[in-house]
Structures are given as structure tokens and as C-alpha cells.
Amino acid sequence: MSTDDKNRAIAAAILPLVGGAGNISSVAHCMTRLRLGLRDRSLVRDEDLKALPSVMGVVEDDTYQIVLGPGTVARVTPEFEALVAAGAARAPGHSAEELADRGAALKAARKAKNATPFKLFLRKIANIFVPLIPALIGCGIIAGLNGLLVNLGLLPGVTPALAAIASGFMALIAVFVGYNTAKEFGGTPILGGAVAAIIVYAGVAKVEVFGQALSPGQGGVLGALGAAVLAVHVEKWCRRRVPESLDVLVTPTLTVLVSGLVTVYGLMFVAGEISGAIGDFADWLLENAGAGAGFLLGGLFLPLVMLGLHQALIPIHTTLIEQQGYTVLLPILAMAGAGQVGAAMAVYLKLPRNGSLRRTVKSALPAGFLGVGEPLIYGVSLPLGRPFVTACVGGAFGGGFIGLFTMLGDKVGSTAIGPSGWALFPLLDGDKGLGTTLAIYAGGLVVGYLVGFAATYFWGFSREMIEEFDVDTEAVTASAPVAAGPGATGRDPEPEPEPAQA
């Protein structure tokens, strides 16, 4: 079977299990998950979906998310979209409307039960900064390559151009933050960007506030965030009060003028003080309590991800990158993925007869080494229960290892956010040379792997769990039709069961 045929087969297997084309309102994907908008959640056959060999797990949020793994999801999504489009063209019009009404009620009930104002706010923050990650990664890698060439004395005629390419985005990141903020909070994006652009304009150096001249870029992304939110409120106020015939002239003028004056004479100074305090606190914490802080951050990061609270760290990472050129927090948090990898390898050895789960581990481990932990979380450790906790222990020890070296004066940072695991190596930077930085980060990964493995192998399973999960699932499935009585022979075996939630 060709690769295209295989991906089309995966999409075709998934579609009927999520209610068919008429039940799909939107299709998208991230690095590992197929994200579906559903009109009627009750039509989804969760257990049958989880039993598909290509599916590593499912997650419910604003969308229904099917974990397929990196690479696979990008190839399956277009095939799935084509099937949905073809099915929607054949479906009766009234059925989609009925499903939409029922699905809207279910979705509203779930959101009312699970959403909190704080989590919704953090989701907005993530929606502002996550679209910036590809540019951060690309510019960060170019900056690292340029630094290497400069240190080696190679291509002196090219390195100034590389420096400009790597630094241009960071010099104007406040504008992009302002644009995305206004868009996310319901204003006109270009007005948010215009107000945020004041922060990076060189002319603000001629303005004095509280007896001090402003510095271009003062306040950074936090100032841009606040300026754009203020612009949205001013714009909405104007829309409600300005006559429609004057709106096109008055509203944008007042929005930029009022928000701009407040930004120049207040927000830039305040945001600058907050940004400086964040950088100083991060440095103080890791320099004075690095091992303990690293232990806590590395151990708690996976639970924070599960709760969605990790999104609060995104503006902090970005602020540190603006100030220092790298964030010292990300390499520590990346150790959570190392603990997850070690735990998965222990699961593989502890359950030698569970072919289904071992295949999931083997298929998800490469992504885990590259820092994509979702397949291992939702396909292995979280369904088993205790291995998720022991994976966190591995992450804690890995984070403590890197934090310890920070206390000793060897900072390890990342010039961009997004990747972790082995994928973070090209983005690493520090204050003691690239070789030392790479060695410390690699040492943290090894510690996370080893402790995650040992904690899971020796304490991740009770005797009852071993008896429940260490079974030959293929043999059990193959014998099921015989036990069903006369006439059962000759039928295809049922799909392999996924491990039960612990």
C-alpha cells in the first residue's frame, strides 16, 4: 500500500467513528493531533476510535482531538478534509442543521461546566503568542548558526546579513503581539499593531517620563499586550458612541491617540519595570535556589500542561528572550519530556506480553525524543495512571540537574520557545560557551531518562496492574469469537482493546 493510500485509509477509518461527514463542522491539525469541530458529540464512538492502530489517544477541549503523532497527522488531515467535503456534498441539508442544534447545546453545557474565566484568559494569551513560535524558532536557529560562524571566523561577509535576518523579527515582535492581541480581544488588528509599534519606535527616546527618557522597546511584549488591550477598549467605546457617518475617521484616530498617549506616558514605564522584575526574579531564583526550583518546575510541568496552566509561561519566556537573548526556564521545563520517555521505556519492559501497548510505545518514542510528548502522555502513561506520576519524577530530577548548574554559574537557555527534547539542541545558548551549554542540557536529558525509567520500573506498577495489563491482547482477541458460541467462527476479530483508564 502506498503512503497516500495508507493515509487515506486512516482517514476513512476515523470518519464514521466521529459521526460521519455531516457531524464535522471544522477540521484542523497541530503538531500531533487532528482537531475536529463536532456538531453532536454523542455520535462519536470513543472506544472504537481508540482501538484503531493509528490512533494514540483522544483529548477533549474546545475541539475533539485525535492524537495521530507528528508527520502522520499532517498527511492524514488533507485526506480527511477531502472525505468530509465529499460526504457533506451528499448529505441531506436538514440533518446537518439538526446535528448543529444538538451539538451546540452539548458544547455549551460542557463549556459552562469546564471553562473558568482564568483558563479562558490563559487561552487568549496562548492564541496571541503561539502563532509567533515558527518565526521565533526560525530566527533562533539562524542566530545560533550565525554565532557559530562568528566564533569560527567563517564567512565574515555573510554573518552581518545573518545577524540582521535573525534579529529583525525580535526587534519588531511587539508589533506582532499588538496585532494578535487586538484580533483575539475583538478589536481591529491593525490598530492594535499601530499602537504597539509606538513601543519600538526610535523617536520615543526623546520623550521623558518621571524624569527619565524612554528607551525604544521599553516594556517589550508586555507593554504591547497592554497597549493593544487598551486600544480594543477605546475602539469599542468609540464604536458605541461615534455616529456611523464619522466612524471611519473618528474611531481609528481616537483609538490610536488615546491608547498611544497612555502607552507613552504610562504603560511603557510600568511594563518596563514589570519586565525587568521578571528577568531579575528568574535570575535570582535559579542562582540562589536553582536545584530546588528546577526540581519543582521539571516535576510540575506535565500536570500544568494537563490543566492548561502552562500557557501563563508563554509571555514570560518571550520577555526573557527579549531581555537576555534566551529563556532559562524552557530547558528546565523540557526535562518533563525526558521523564516521559524514560517512563515509556520502562512500560515497554514491564509489559512484555501486551503487544498493543508495546507497539504504541515504539511508535511514539521517536516523537518523544524530539520533544513531542502528547503521544506518550495520552497513549501510554496517563491511561496507566502511576507511570504518569513517575514520569513527572524523572522530569523533576532532570530539571534539578540543570538548575544545579545554574546555581554554579552555568546558565542554559533557549533562544526560542516551542521545541524541546533533542529538537532544542539547535536553539540552546548560555553564558559559558556552546560546548558547556550542550553538555549540561544533554546531561539533564540523561538524568530525566534514567530516573523516569527507574521510578516507573520499580514503583510505577502494582501487582494488580501487572496482572491486568501484562496480557497477550492478540491471543485474547483471537479467542473471543470462539467463546461467543455457535456461528462465531470465521468472523474478523474485534479491534485490540486500549488499556483501561487507571
Side-chain angles (χ1 to χ4, degrees), residues 125 128-130 132-133 135-144 146-147 163-164 166-178 180-181 196-202 204-205 209 212-228 263 266-290 293-294 297 310-334 402-403 406-407 409-418 424 427-432 434 437 441:
I125 296 298
I128 292 166
F129 286 92
V130 167
L132 307 180
I133 289 178
L136 284 169
I137 293 173
C139 294
I141 292 177
I142 294 171
N146 185 62
S167 303
F169 173 74
M170 288 305 302
L172 297 174
I173 189 173
V175 179
F176 295 95
V177 170
N180 286 348
T181 300
I198 298 168
I199 292 173
V200 296
Y201 175 57
V204 296
V209 178
Q212 300 177 13
L214 293 175
S215 301
Q218 185 173 337
V221 296
L222 296 183
L225 186 66
T263 298
L267 280 178
M268 285 185 67
F269 179 83
V270 173
E273 294 298 307
I274 295 173
S275 299
I278 289 173
D280 293 342
F281 177 73
D283 288 339
W284 177 88
L285 181 65
L286 293 178
E287 289 171 2
N288 294 276
L297 289 171
H310 66 296
Q311 295 165 345
L313 297 172
I314 296 177
I316 296 176
H317 287 310
T318 310
T319 298
L320 291 175
I321 292 172
E322 268 194 317
Q323 289 181 343
Q324 304 175 3
Y326 51 78
T327 168
V328 292
L329 298 179
L330 185 58
I332 291 175
L333 300 176
I402 293 182
T406 304
M407 288 180 65
D410 297 312
K411 284 186 179 180
V412 177
S414 170
T415 58
I417 57 177
L424 197 60
L427 297 168
L428 291 176
D429 197 359
D431 59 351
K432 290 296 176 63
L434 185 59
T437 301
Y441 181 73

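Residue indices begin at 1 and follow the sequence shown.
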Asks: Is there side-chain contact between Leu313 and Leu333, with at least one heavy-atom pair below 4.5 Å?
Replies: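 Yes, side chains in contact.
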
Asks: Would the distance check show the side chain of Asp431 and the main-chain N or O of Lys411 forming a donor-acceptor pair, the cut-off being under 3.5 Å?
Replies: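 Checking the backbone N and O of Lys411 against the side chain of Asp431, a donor-acceptor pair under 3.5 Å is found.
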
Asks: Does a side-chain heavy-atom distance below 4.5 Å link Val328 with Thr406?
Replies: no

Asks: Check whether any side-chain N or O of Thr327 sits under 3.5 Å from a backbone N or O of Ser414 as a donor-acceptor pair, and report yes or no.
Replies: no

Asks: Looking at every non-hydrogen atom in both residues, tell me the closest pair between Ala224 and Ala174 and how far apart they are.
Replies: CB-O, 3.4 Å

Asks: How many angstroms lie between atom CZ of Phe281 and atom CD1 of Ile274, to the nearest 0.5 angstrom?
Replies: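 The distance works out to 14.5 Å.
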
Asks: I need the Leu222 CG to Glu322 CD distance, nearest 0.5 Å.
Replies: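 Going from the CG atom of Leu222 to the CD atom of Glu322 covers 8.0 Å.
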
Asks: Minimum heavy-atom separation for Met407 to Leu286, with atom names?
Replies: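 So the minimum-distance heavy-atom pair works out to CG-O, 3.2 Å.
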
Asks: Please report the shortest heavy-atom distance between Ala205 and Pro216, naming the atom on each side.
Replies: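 Reported closest heavy-atom pair: CB-CD, 4.1 Å.
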
Asks: Working to the nearest 0.5 Å, report the span between CD1 of Ile417 and CG of Leu329.
Replies: 11.0 Å

Asks: Just wondering, do Thr437 and Asp429 contact through their side chains at under 4.5 Å, heavy atoms?
Replies: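 No. Closest side-chain heavy atoms not under 4.5 Å.
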
Asks: Only counting residues at least two apart or in another chain, list the ones meeting salt bridge (charged side-chain N to carboxylate O under 4.0 Å, His left out) with Asp280.
Replies: none

Asks: How far apart are the closest heavy atoms of Leu330 and Gly418, and which atoms are they?
Replies: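 Taking Leu330 first and Gly418 second, the nearest heavy atoms are CD2-N, 4.3 Å.
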
Asks: Taking Ile125's backbone N and O only, do any of them form a donor-acceptor pair with Gln311's side chain (distance below 3.5 Å, no angle check)?
Replies: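 No, the answer is negative, given that no donor and acceptor are paired below the 3.5 Å cut-off.
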
Asks: To check you understand the geometry: which heavy-atom pair defines the closest contact between Tyr326 and Thr415, and what is its length?
Replies: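 Tyr326 and Thr415 have their closest heavy atoms at CB-N, 4.0 Å.
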
Asks: With side-chain contact (heavy atoms from CB on, under 4.5 Å) as the criterion, how do Val204 and Ile199 come out once you've worked through the C-alpha distance, each side chain's angles and the decisive distance to 0.1 Å?
Replies: CA-CA 7 Å; Val204 296; Ile199 292 173; over 6 Å; no

Asks: Specify the closest pair of heavy atoms between Ile314 and Phe129, including all atoms of both residues, with the distance to one decimal.
Replies: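 Taking Ile314 first and Phe129 second, the nearest heavy atoms are CG2-CB, 3.1 Å.
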
Asks: Rounded to the nearest 0.5 Å, what separates atom CD in Gln323 from atom CG in Asp283?
Replies: 8.5 Å

Asks: Kindly compute the distance separating CG (Leu297) from CD1 (Ile332), expressed to the nearest 0.5 Å.
Replies: 6.0 Å

Asks: To the nearest 0.5 Å, what is the distance between CG on Leu136 and OG1 on Thr318?
Replies: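 With rounding to 0.5 Å, CG (Leu136) is 6.0 Å from OG1 (Thr318).
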
Asks: Should Ile141 and Ile137 count as side-chain neighbours, where that means a heavy-atom distance under 4.5 Å?
Replies: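 Contact flag for Ile141/Ile137 side chains = yes.
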
